[in-house]
Amino acid sequence: MDKYIVADSSCEFTEEMKKDDKIIEIPFKIDIDNERFIDDGSIDIDHLLKKMKDFKGIPKTAAPSPGDFLAAFEKGKEVFAITISSALSATYSNAVLAKKMAEEKGSRLIHVFDSKSASSGETLVALKIREYIENGLEFDEIVEKVESFISKMKTVFVLDSIDNLLKNGRMSKITGFIANVLSIKPVLIGDENGEINLLAKARGIKNARAKLVEIIGEDKDILKEKTMVITYCNSKEAAEDLKREIEQKYGPKEIYLIETGGLSSVYADDGGIVISYR
């Protein structure tokens with residue numbers, strides 16, 4: 001029986017995943033000033049970043065609708081959907097509503113995973129689902145194992161700018177005050193509820209990235225022979241440096257390095273790096 005993976009466009013697909021017609025991405029919509037962007041892989045990220053920099057207002061993002069998800073769910077008899085954290089967006093609830101609508105139309109198996117994360121975290125979940133599908137696991141077993149995987153997954157990140165997270169209410173004003181008023185760069189984490197919290201502080205972006213590697217090292221025992229995903233926004237060189245350092249120090253089996261798409265670029269902003277592992 002065909003199994004499909006459906007994800008919102010906060011999930012950064014690898015090149016291999018983009019070629020798989022059983023992996024479907026549902027785009028967010030992004031409005032900046034008077035321009036609308038459809039996050040379907042066609043966005044010029046440099047243009048998007050410049051537009052945000054020049055715009056004095058608040059970039060607006062719109063979650064995929066239940067109808068968007070329903071159209072994708074109807075393609076398969078077994079569907080695994082992944083969404084950005086329900087604490088950050090209405091996407092999860094829209095996908096759950098689409099699941100109910102699809103199940104009313106006919107016999108099919110659908111499960112919606114709240115990634116409790118975004119960007120690299122969603123990618124890591126998608127990779128795990130695909131691994132289980134390829135290993136021949138049954139639907140219910142995949143659901144159980146992936147839910148357990150999500151509960152133990154970590155997403156940590158360093159952003160050069162947190163302005164868009166603050167403007168859109170995606171993180172607390174207290175954390176923003178610490179960063180902006182005290183002129184420090186926060187190391188952030190997606191907690192067990194999928195909310196963004198302050199993990200550590202550092203002076204300057206380079207020190208914050210070094211702190212990020214140090215914090216990841218606290219989990220070095222679980223990193224051996226595991227997969228990690230690093231996503232980056234206009235910071236490829238820094239991301240490559242982090243990848244090399246993590247490989248040398250902690251020896252994960254594989255590290256995927258992926259540039260952020262539109263939605264993730266809005267919130268990671270210029271220079272942002274997000275790392276997820278389990």
Just jot down the side chain to side chain contact (heavy atoms under 4.5 Å, CB included) partners of Glu16, sequence neighbours excluded, or say none.
Thr14, Arg130
Find out whether Ile275 and Ile246 are in side-chain contact, i.e. whether some heavy atom of one side chain is under 4.5 Å from a heavy atom of the other.
yes
Determine whether Tyr256 and Leu127 make a side-chain contact, defined as any pair of heavy atoms from C-beta on separated by less than 4.5 Å.
yes
Can you get from Leu137 to Val125 by hopping between Ile, Leu, Val, Met, Phe, Trp and Tyr side chains that sit under 4.5 Å apart?
yes
Is there a chain of hydrophobic side chains (I, L, V, M, F, W, Y, each step under 4.5 Å between heavy atoms) that links Ile24 to Leu70?
no
Report the residues that fulfil side chain to side chain contact (heavy atoms under 4.5 Å, CB included) with Glu103, sequence neighbours left out, ordered by chain and then residue number.
Lys99, Ile110
Is there a continuous path of hydrophobic side-chain contacts, each under 4.5 Å between heavy atoms, that joins Ile150 to Ile189?
no
Taking side chain to side chain contact (heavy atoms under 4.5 Å, CB included) as the definition, give me every residue that meets it alongside Phe55, ordered by chain and number, with sequence neighbours left out.
Ile32, Asp33
To the nearest 0.5 Å, atom CD of Glu214 lies from atom NZ of Lys249 at 8.0 Å
Between Glu122 and Ser115: side-chain donor-acceptor atoms closer than 3.5 Å:
no
Residue pair Leu263, Ile84: steps toward the side-chain contact (heavy atoms from CB on, under 4.5 Å) verdict:
CA-CA 10 Å; Leu263 191 279; Ile84 190 172; 4.1 Å; yes
For Lys56, side chain to side chain contact (heavy atoms under 4.5 Å, CB included) partners two or more places apart
none
Residue pair Leu124, Phe149: steps toward the side-chain contact (heavy atoms from CB on, under 4.5 Å) verdict:
CA-CA 10 Å; Leu124 195 58; Phe149 181 87; 3.8 Å; yes
Let me check something: do Tyr250 and Leu257 share a hydrophobic cluster, defined by ILVMFWY side-chain heavy atoms less than 4.5 Å apart, either directly or through other members?
yes
Lys75 atom NZ, over 12 foreign heavy atoms within 6.0 Å:
no
Minimum heavy-atom separation for Ala200 and Ile215, please, with both atom names.
CB-CD1, 3.8 Å
Name each donor-acceptor pair under 3.5 Å that joins a side chain in residues 236-244 to protein atoms two or more places apart or in another chain, with its distance.
unit_1 : atom_1 : unit_2 : atom_2 : d
Asp241 : OD1    : Arg244 : NH2    : 2.3
Lys243 : NZ     : Glu247 : OE2    : 2.8

Nearest 0.5 Å, please: how far is CE in Met17 from OG1 in Thr123?
6.0 Å
Would you check if the side chain of Asn193 reaches a backbone N or O of Glu195 as a donor-acceptor pair within less than 3.5 Å?
no
So, Thr91 versus Thr83: side-chain donor-acceptor pair below 3.5 Å or not?
no
Checking Asp269 side chain against Ser161 main chain: does a donor-acceptor pair fall under 3.5 Å?
no
Got a list of side-chain donor-acceptor pairs under 3.5 Å for residues 221-234, not counting sequence neighbours?
unit_1 : atom_1 : unit_2 : atom_2 : d
Thr231 : OG1    : Ser119 : OG     : 2.8
Asn234 : ND2    : Asp270 : OD1    : 2.8

Correct closest heavy-atom pair for Pro64 and Ile26 would be CB-CG2, 3.4 Å
Could Lys77 and Asp2 be called an ion pair, given the rule that one side-chain N must be under 4.0 Å from one carboxylate O?
no
Can you tell me how far the CG atom of Asn197 sits from the CG atom of Asp191, to the nearest 0.5 Å?
4.5 Å
Determine whether Ile5 and Asp20 make a side-chain contact, defined as any pair of heavy atoms from C-beta on separated by less than 4.5 Å.
no
Applying side-chain contact (heavy atoms from CB on, under 4.5 Å) between Val158 and each of Ile273, Val274, Val187, report the one that passes.
Val187
Determine, step by step, whether Ile196 and Leu88 satisfy the side-chain contact (heavy atoms from CB on, under 4.5 Å) criterion, reporting the C-alpha distance in whole Å, the side-chain angles of both residues, the deciding distance to 0.1 Å, and the verdict.
CA-CA 9 Å; Ile196 298 172; Leu88 303 177; 4.2 Å; yes
Sequence-distant partners of Asp219, salt bridge (charged side-chain N to carboxylate O under 4.0 Å, His left out), two or more places apart
Lys154
Supply the atom-to-atom distance Lys50 NZ to Asp44 CG, rounded to the nearest 0.5 angstrom.
11.5 Å
Residues which pass side chain to side chain donor-acceptor pair (under 3.5 Å) with Glu147, listed by chain and number, not counting sequence neighbours
His111
Can you tell me which residue pairs pass the salt bridge (charged side-chain N to carboxylate O under 4.0 Å, His left out) test with a partner in residues 57-74, sequence neighbours excluded?
Glu74-Lys105
On a heavy-atom basis, the closest approach of Ser265 and Gly261 is OG-O, 2.6 Å
Apart from Ile58 itself, its cluster of hydrophobic side chains linked below 4.5 Å comprises none
Close side-chain approach of Lys29 to Ile38, heavy-atom, < 4.5 Å
yes
Looking at every heavy atom in both Phe28 and Ala62, which two are closest together, and how far apart are they?
CD2-O, 3.3 Å
Search all heavy atoms of Lys185 against all heavy atoms of Ile205 and return the closest pair with its distance.
CG-N, 3.6 Å
If we only count heavy atoms from C-beta on, is the Leu97 to Phe69 side-chain gap below 4.5 Å?
no
Output all residues satisfying salt bridge (charged side-chain N to carboxylate O under 4.0 Å, His left out) with Asp114, sequence neighbours left out; order by chain, then residue number.
none
Would you mind listing every ring-ring contact (aromatic ring centres under 6.0 Å, His included) that reaches into residues 76-99, with sequence neighbours excluded?
Phe80-Phe139
Just by modelled atom types, is the Gly121 backbone N or O under 3.5 Å from a matching donor or acceptor in the Ser276 side chain?
yes
Quick check: closest heavy atoms across Ser10 and Ala118, and the distance to 0.1 Å?
OG-CB, 3.6 Å
So with a 6.0 Å cut-off around CD of Glu138, is the heavy-atom count from everything else above 12?
no
So, Asp39 side chain and Gly262 main chain: donor-acceptor pair closer than 3.5 Å or not?
yes
Please say whether the positively charged group of Lys128, taken as NZ for Lys or CZ for Arg, lies over the ring of Tyr132, i.e. under 6.0 angstrom from the six-membered ring centre and within 45 degrees of the axis.
yes
Are any of the side-chain heavy atoms of Tyr277 and Ile255 separated by less than 4.5 Å?
no
Any Val266 side-chain heavy atom under 4.5 Å of Phe37 side chain:
no
Would you check, one step at a time, whether the test side-chain contact (heavy atoms from CB on, under 4.5 Å) holds for Ile23 with Phe13?
CA-CA 9 Å; Ile23 299 180; Phe13 286 171; 3.5 Å; yes
Mind checking whether Ile133 and Phe113 sit in one hydrophobic cluster, side chains of I, L, V, M, F, W, Y counted as touching below 4.5 Å?
yes
Treating Asp40 as the side-chain partner and Ser42 as the backbone partner, does any N or O pair qualify as donor plus acceptor under 3.5 Å?
yes
